[in-house]
Structure formats: C-alpha cells, structure tokens
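Heads up: the structure comes next, in structure tokens.
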Amino acid sequence: MFARLCSVLELPLLNRELIELAQRKRTYVLRCVCLLAFSLVFLTLYVELNSRAVNLMWMLGQGRHMSAVLFITLMVTIYVLAPAMACAAITSEKEKQTLGLLLISRLTPHGIVVEKICSRMLPLISLVIVAAPLFGLAYLFGGISFRDTSLGLMILLFTIFQVTAIAVFCSAVLETGIAAFWVTYLILAVLYFTWPILVALHVLPRPDFLRSLGEEEFLLFPGYQLAMLVDTPRSWMGVAILTIPQLIVTLLFAVAARFGVVWFSYGAAFSLGRQWLRLQAYAIRPLAERFHGSKVGDEVGCLVAEADSLPVEQVSKDLPGLQPISWKEKRRSRLNRPWMLLSFWVALFLLQWWVLESNSNGVASDFCTLFSFVFLIVAVLLVLSQTCRLFGREREQQTLDALLATPLNNFEILKQKRSGINRLILLLLIPVMGTCFFNVFYTTVRICSLTHSSASDAHYLHYGSQSVARIGTVHWFCASALYVTCALGNAFIYMHLAKWIALFLGLKLKTQMKAMVGSLISVLVLCLVPLLLGALILMSADMDPDDFPLWFYMSPLIPTGMNEFHDRHELYRNNSMPDSDVFVVFFHFMVYGGLTLIVRTSLMRRLPELLQRRDQSTGGIVSDDEPGSCRTS
C-alpha cells in the first residue's frame, strides 16, 4: 500500500514537464516581461493618482482602486497566456506519437490529465507570485483589507485552473494545438456569455433565487466575482457559494479530458475532425451528386473525398497550373473556401439583424459597436492563426526542405504561400462591411467636416460639440461614406500588419504554437505598451492629450474606437490638428500603413536568412557546414 502511494505521488510526467520548462529561456523572459508590464501599469496608475492628489493624505485609501487595476491586469494576462500554454499539452504528445507510450505505462488516463493540468498551471501561478509585491504596495495605501486581497488572489488561482482545464480538454479531443487554442476561447465565450445574451434578449427569464446578486447571469464568469469583490467587501462563504457552479463545470471538463485522452488517442482515423468530416459528408453527399461536374460540386466533392480518406485530386478538376504552392495553400484550409465562409457570414448577418431589431435604439447602438469590435478582433486573430501555420506546419511535417528544393526563388515561394492569406483577408472584409451597414443605420452618425460648414438647421440636430445627421440627407451620406472608408481601411491595414508580423515570427520560430504566442504578444504590445507609455509621459508632464495629438495615434485602439463612436472630432479639437475628418482618417492610414510597409520591408530583406536559402542569382553553392551557410535552390 505504501509503495503504491509513493508511486502515485512520484508524478513522473509533472517532473518531466517542469524540468523541460526550467531549461527554456523563454520561461524567465516571460516572467521578466510580465513583471515589467505589471510595474508599468502600477506606475502609470500611481502617477495618475499623484497628479490628481491635493496632498499625500488624499492618496490614502486608494489601495482598493490600485488593487482592482492589478487584478484586472492579471485576469487579462491569464486569459491571454493560459490557453496558449495549455492547448498543446496533449496534442504535442500526439504529434510526437508518444501518447500511446504514456497510456501503456503505469500512468493512468486521469493521472496524465491531472499532471498535465498541474504542469500548465504552475507557470501562471508564478506570474501571480511575481505580482505579489505590487499588491503589497497597494495594501500600504489603505482602503483594502488583507482578506479582500487574499480572496482576489484565490479567484485568480481558480481562473487559472478553469482556463487550463478547458484548454487541456480541447487538447485531448482535437488533433492540433492551433485548433485547441481557438476552441478553448470559443468554449469560454459560450460558457460565460450565452446566458447573459439570452437574458438580455428576453429569451430566458431571470431566476428569482439569484436576483439578490445583481447581474446573476454572469455567475459562471470569474471576472464577475472579482468585480463584486472590488465593488463591495465579501465574506469567504459568499465567494465560496458563488464558486460552486463554476467549480462543478470546471471539474466536468477535467473528467471529460480523461475520456478524451482515451477515445481520441488512436490516430487520425478516430479524431474528432475526421468524425465531423464524415458527418458533413453524409449530409452533403446528395448535394455533390446533384451538382456533379460544376465548381460547387467539385468543392463539395472535396469534402466527401476527404471524409472517405480518398485523395482530393481524384475528384478535383482544379489543377495547380503555374502556381502549385498557391493552389495547395488555397485548398488546404477550409477558411479559403468562399461558400463556407459566406454561409457563415450570412448566418452572423441575420443574427446581428435579429439582435438589433429586438432592442431599443440606445441598446442597439451599443450592440452595433460591440459587433464591430468583435468582428475586427476575430478577423485579425484568424489572419494571425492561419499565417503562423504557413511555415510552421511545413517544419512539423518535415516538408520544408522539399518546398525549398522547388525551382522557385524565395520571393516567389513567399508570394504563393501568402496568396491564401490575401484571399482570406478579402473574404473577411465582407462581415466588416456588414457591421458598417448596421452601424450607419442603428447608431448616431455625426456630420463630418466635408459638409459641416454648409449644414443647415433643417438637416441636423445639435448634439454636443458636433451635429447629428438625419438619415437620407447629403450630410448623412458623406459622414457614412467616411465612416465606412475608415472602418474598412482600418480592418484592411490591421489584418495585413498582423499577417506580416505572423509571417516574420512563423519563419523565425520553429513551431506553430510558438509563432502564434509570439504574434499574439507582439500585437498586444503594439496596442497597449505605446498607449501606457504615452499616458505616463502626459501625466508626468501634466499635459492634456490635446497638447500632444499624436498620442491618439500611438495605439490602433484609439482611432478605431473613435471611428466606431463617430467621435473623430476629438482628434483635432482645440486647433491642435487640421479641422478635417478626412485628414484624421488618412493620417491614421499613413501611420499604420507605413508601419506595415516597414515590417514587410524588413521581412523581405531578411528572407534568405529566415528561409536559410539563397537564390541562384545571389551566389553559388554554400556548404551547410560553414558558419552562416544557407540552403541553395
């Protein structure tokens, strides 16, 4: 009995994971970067409070506000990093074909799941420990008790457990880490926001036994508990009662991960993706027979053939021609099949129309802005994930050398590889156009500077510092056209910027997940770090943003948000910039379009080094044994 207990507590898989984690430089780099980010947020908050303080005594009691900001920062960090760290927990074993070896060892399936969850939780717990001194500083300012701080940290630890358990479940069920990454966020979104949305749309009633909690429909969201704790002090028992439903759901995902390890560990023939394809093939086989010989029939036939484990080329009449790499990339991803994406966007378009028609004008305006931001974020993330797979998948499948042996130069290879991404970007502009359509009809559109000087009282209503255009007037058409131009231009530039960042990291790093995590961190740094540094400089110099208008362009979030709320005039008020909406829009295009060109130019110049391949026109054959040598075409 004692020997068996010792063997259980030995935790060999956890020991192996932690040893590998300790040997990676990025583990320590990540901790240092997170500590720097947390310190920057805390310093910005301290400077902001100090600038408003009449004296030092006024700052006493602000510890609750400081702790709330730190809690929010840590919560966001957990939701960004936890899925990326845990989604490859079991898929990596499948890709290395070592999961079967683990199953025939003395390790049980539930032991594998438990040790994988623990190995992914510990790095995130270390980030909470790194931020602990900042909570100590906030505690010294007063206004928050040690009990509230401890409860907040307990909620953060539970959030780590919840997100990690769901990510490990997706890793056990799915075949690739990228798929597990996105499905994790999808499950979290459904878990957190399905009930609130249905309650807001009056589809479900509010339960009477939970009315005392306020917005009880967010009960499954740990951030709701954290917000309640920051708002009003709560007891340990109150937090424990609210945690019970979340704990039950999280444990169900952990148990399901145990069965997923067993059921989906026997190769691609039993994978969830293969079962889904077979279900699709069963449903659309009559459609393929009906449209046999047409392009639609070929697209549908590819799905049927893929599900039947037949070569796709046997049913496809679309041959590669002069661009075989481009042909392969466009047919490899289902996102590049227009009829699938268009059907999905039509469903979302109808959903958005139903939501807006079911609510009042004020709520409809908020929903329009929410849909616009969600579609833009999803579009950028889809481009990131698909671009990171271009070269990472070739490395993992050991086909990169064969690709580089083709009689094409480096630039032609890159051009054909990214052709599928360019096509995806154009398809993703369709839902952005749909959200723009709803926005101009369901929100307050303000007259732009194109027609502001000639506006008459009969065509607009005074609204603050600008005017509200009536639907159907010339002023409304001009303002709507400028809004749509800015929204589509922003989406186009941001997706291309994300594409080039992901391409660079996909070539630089060895695996898809590393490239994906690096791309996500790069985008977050681009959006948040300049914004925080600019705010810190403005508050240190006791300046207003109007005194330094370039601050509005230091993050993509500010111009995009102002365009969605039709507040572009905020960027040129007080005569700090030319009194023109058109100038604001095109100056924004120049800033981030120029940044995109800089990233693209840097990548093109380093392309031979990143591919480790010289074109025939740039030199002769170089031995791989020489320092700095590259492959030859």
Side-chain angles (χ1 to χ4, degrees), residues 11 13-46 66-89 92 115-139 149-150 152-165 167-168 171 177 181 184 222-223 226 388 501 505 508-533 536:
L11 303 177
L13 188 57
L14 177 61
N15 291 334
R16 188 199 74 178
E17 297 281 342
L18 294 181
I19 291 173
E20 291 179 354
L21 191 66
Q23 293 176 345
R24 296 171 184 168
K25 292 182 179 179
R26 66 174 181 269
T27 302
Y28 308 100
V29 172
L30 179 63
R31 292 174 184 172
C32 294
V33 170
C34 289
L35 177 60
L36 181 62
F38 300 154
S39 302
L40 182 61
V41 170
F42 186 85
L43 183 61
T44 303
L45 180 62
Y46 173 78
M66 292 181 173
S67 298
V69 175
L70 289 175
F71 279 133
I72 294 173
T73 305
L74 276 168
M75 185 73 75
V76 172
T77 304
I78 290 170
Y79 280 110
V80 171
L81 295 180
M85 289 183 174
C87 63
S92 61
E115 294 187 44
K116 286 289 186 179
I117 291 177
C118 292
S119 66
R120 266 44 182 189
M121 286 180 60
L122 288 177
L124 294 168
I125 294 175
S126 67
L127 297 183
V128 177
I129 296 175
V130 163
L134 299 177
F135 285 102
L137 292 176
Y139 177 76
T149 303
S150 302
L153 293 176
M154 291 296 294
I155 294 174
L156 289 177
L157 295 178
F158 176 77
T159 305
I160 293 174
F161 173 56
Q162 183 186 62
V163 179
T164 304
V168 170
S171 180
F181 178 81
T184 300
L226 198 58
C388 291
I501 291 174
L505 294 175
K508 188 74 174 177
L509 302 177
K510 294 182 180 180
T511 63
Q512 300 180 46
M513 283 308 306
K514 290 180 181 179
M516 186 67 203
V517 174
S519 300
L520 279 176
I521 294 176
S522 300
V523 171
L524 289 175
V525 168
L526 178 64
C527 293
L528 300 179
V529 172
L531 186 64
L532 291 175
L533 289 175
L536 185 62

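Computed from a prediction, not measured in an experiment: that's the story for all the values here.
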Exercise for the section: Quick one: pull up NZ in Lys25 and CG in Leu30 and give me the separation to the nearest 0.5 Å. Expected result: 16.0 Å
Problem - Ser119 side chain to Lys116 backbone, donor-acceptor under 3.5 Å - result: yes
Exercise for the section: Report yes if some heavy atom in the side chain of Thr511 is under 4.5 Å from a heavy atom in the side chain of Lys514; otherwise report no. Expected result: yes
Problem - Heavy-atom donor-acceptor pair, Ser171 side chain to Ala167 backbone, under 3.5 Å - result: no
Handout entry: Within-4.5 Å side-chain heavy-atom neighbours: Leu520 and Phe181
Key = yes
Handout entry: Atom of Val163, atom of Ala82 and distance for their closest heavy-atom approach
Key = CG1-CB, 3.5 Å
Problem - Carboxylate-amine/guanidinium proximity below 4.0 Å for Arg120 and Glu17 - result: yes
Handout entry: Distance (rounded to the nearest 0.5 Å) between Phe38 CZ and Leu36 CG
Key = 10.5 Å
Problem - Separation of Leu74 CG from Thr159 OG1 (nearest 0.5 Å) - result: 10.5 Å
Exercise for the section: May I ask you to test the Val523-Cys527 pair for a side-chain heavy-atom distance under 4.5 Å? Expected result: yes
Practice task
Evaluate whether atom OH of Tyr79 has more than 12 neighbouring non-hydrogen atoms of other residues, nucleotides or ligands under 6.0 angstrom away.
Solution key: yes
Handout entry: Any Phe161 side-chain heavy atom under 4.5 Å of Ile125 side chain
Key = no
Problem - Separation of Leu127 CG from Ile78 CD1 (nearest 0.5 Å) - result: 8.5 Å
Problem - Side chains of Ile521 and Val33 in contact at under 4.5 Å (non-hydrogen atoms) - result: no
Handout entry: Separation of Leu40 CG from Thr44 OG1 (nearest 0.5 Å)
Key = 4.5 Å
Practice task
Determine yes or no for a side-chain-to-main-chain donor-acceptor pair under 3.5 angstrom, with Glu115 supplying the side chain and Leu13 the backbone.
Solution key: yes
Problem - Any Tyr46 side-chain heavy atom under 4.5 Å of Met66 side chain - result: yes
Problem - pair Val128-Ile160: side-chain heavy atoms closer than 4.5 Å - result: yes
Practice task
I would like to know whether Cys118 and Leu11 meet side chain to side chain contact (heavy atoms under 4.5 Å, CB included); could you show each step before the answer?
Solution key: CA-CA 10 Å; Cys118 292; Leu11 303 177; over 6 Å; no
Completion exercise
Nearest heavy-atom contact between Ala89 and Val168 is CB-CG2, 4.3 Å
Handout entry: Partner residues of Arg31 under the salt bridge (Lys or Arg N to Asp or Glu O under 4.0 Å) criterion, sequence neighbours left out
Key = none
Problem - Thr27 side chain to Ala22 backbone, donor-acceptor under 3.5 Å - result: no
Practice task
Report yes if some heavy atom in the side chain of Cys388 is under 4.5 Å from a heavy atom in the side chain of Leu505; otherwise report no.
Solution key: no
Handout entry: Separation between CG of Leu526 and CD1 of Ile501, rounded to the nearest 0.5 Å
Key = 6.0 Å
Handout entry: CA sep, side-chain torsions, deciding dist, call: Ile155, Phe71, side chain to side chain contact (heavy atoms under 4.5 Å, CB included)
Key = CA-CA 10 Å; Ile155 294 174; Phe71 279 133; over 6 Å; no
